[in-house]
Amino acid sequence: MKHVTRAQIHVFQDKVFLFYKTNGRKLPWRKTTDPYMILLSEFMLQQTQVPRVILYYKKWIKRWPTIHHLATASRKEVLQMWMGLGYNKRALSLHKTVQIISQTYRGDVLLAMNHFRTLPGVGLYTSNAVQIFAANEDIVTVDTNIRRIFIHEFHLPQDTSKKELWALAKQCLPNGKSRTWHNALMDYGSLVLTAKKTGIAPCTRQSRFEGSDRQIRANILRILLVSSFSYSELSEKIDVDNTRLRKILEKLIREEIIILQNKRYQIREERSN
DNA sequence: CTCCAGCTGG
DNA sequence: CCAGCAGGAG
């Protein structure tokens, strides 16, 4: 375990806070502490850049201002409102999570975060982020920005374990200032210590999009959001061999995103459980 | 080509 | 531990 002195931590904190004071971004989800709205923003921000999330976030809180509104929305509209943000399954995970929180936790988002393993699409990062930004809890979270900052600032190897990074994050947390601290870290990471500038690669990289199953999945969903189609109709609209198309459709059914009913593929409205 | 306020199932 | 998962901007 890398040793970091209190003095080093203090210098580091001052530097980040000083930057944030004059260069911090004004983002819509920073104007609220409503746990539902924070949860919404965190779902959208998973692997998606801030600039693209802003408009979607505003659109969503206007359409579904409370957790109850979203919990009772149709899955089709949820997908339509999400379309373009990417990783469409996230939208349905968010919808399901909000329904669970509404039904099982009486709409108490913060309470539910303590049981995040029961919530689809919510991992340790998101659970802690919601508690930090909504309630200023004295806990930490480490995203790709914060990881990059720690590796750069304390000269750690790029393969530093998650456990060690989180431990270091705890040492650096200024108690009582968790919300501001994490906002400041994220701005410092995305505006100053960028991936390009530091040469620190993210821990998860992905395969190319062009010609991928992901691209085809997105096409299928776009088409099924307009109307339901039979297999033959669908295969005419999507230029891909039958074996592959069948396989992708099977997977979408397995993931409970679409359903085959009366020989027609369509967006699944309700989940089984 | 790269990256992005990650999560999930195998 | 790893591959898969959207889409757009640099």
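Computed from a prediction, not measured in an experiment: that's the story for all the values here. Naming convention: chains lettered A, B, ... in sequence-line order (proteins, then strands); numbering from 1 in each chain.
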Does a side-chain N or O from [X] land closer than 4.0 Å to OP1 or OP2 of [N], or not?
X         : N      : value
Lys251(A) : dG9(B) : no
Arg254(A) : dT8(B) : no
Arg52(A)  : dA9(C) : no
Thr126(A) : dA5(B) : no
Arg217(A) : dA6(C) : yes
Thr144(A) : dC4(B) : yes
Arg90(A)  : dC7(B) : no
Arg214(A) : dG7(C) : no

Nearest whole Å is fine: how far is [N] [atom2] from [X] [atom1]?
X         : N      : atom1 : atom2 : result
Asp213(A) : dG7(C) : CG    : C1'   : 16 Å
Met83(A)  : dC5(C) : CE    : C1'   : 14 Å
Gln47(A)  : dC3(B) : CD    : C1'   : 9 Å
Asn145(A) : dC4(B) : CG    : P     : 7 Å
Leu221(A) : dG4(C) : CG    : P     : 19 Å
Met186(A) : dA5(B) : CE    : P     : 8 Å
Asp143(A) : dC4(B) : CG    : P     : 9 Å
Gln46(A)  : dG8(C) : CD    : P     : 19 Å

| message | If you only use heavy atoms from C-beta on, which nucleotide in dG7(C), dG6(B), dC3(B) is closest to the side chain of Ala218(A)? | response |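 Minimum distance to the Ala218(A) side chain belongs to dG7(C).
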| request: Return the 5'-most residue of the pair Leu119(A), Trp29(A) with respect to DNA chain B, ranking by each residue's nearest nucleotide. | output: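 Checking each residue's closest nucleotide, the 5'-ward one belongs to Trp29(A).
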| Mapping Gln49(A) and Ser127(A) to their closest nucleotides on DNA chain B, which lands nearer the 5' end? |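 On the 5' side of the pair lies Gln49(A).
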Classify the side-chain pair [X]/[Y] by whether it contains a donor and acceptor separated by less than 3.5 Å.
X         : Y         : answer
Thr48(A)  : Arg90(A)  : yes
Gln131(A) : Ser127(A) : yes
Tyr56(A)  : Ser41(A)  : no

| Same hydrophobic cluster for Leu185(A) and Leu124(A), using side-chain heavy-atom links shorter than 4.5 Å among ILVMFWY? |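 Same cluster.
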| said: Do Leu165(A) and Ile146(A) make a side-chain contact, defined as non-hydrogen atoms from C-beta onward lying under 4.5 Å apart? | reply: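 Not touching, per the 4.5 Å side-chain cut-off.
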Could you check whether [X] gets within reach of a base, just the sugar-phosphate, or nothing at all, counting any heavy atom under 4.0 Å?
X         : answer
Val53(A)  : nothing
Arg148(A) : sugar-phosphate
Leu85(A)  : base

| Are Lys62(A) and Tyr57(A) in a cation-pi contact, defined as NZ or CZ under 6.0 Å from the six-membered ring centre and within 45° of the axis? |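 Verdict for Tyr57(A): no cation-pi partner in Lys62(A).
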Whole-Å [atom1] distance, [N] and [M]:
N      : M      : atom1 : value
dC4(B) : dC1(C) : C1'   : 22 Å
dG8(C) : dC7(B) : P     : 23 Å
dA5(B) : dA3(C) : C1'   : 22 Å

| query | So, does the side chain of Gln206(A) form a donor-acceptor pair with the base of dG7(C) at under 3.5 Å? | reply |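 Between dG7(C) and Gln206(A), which were checked side chain against base, a qualifying N/O pair under 3.5 Å is present.
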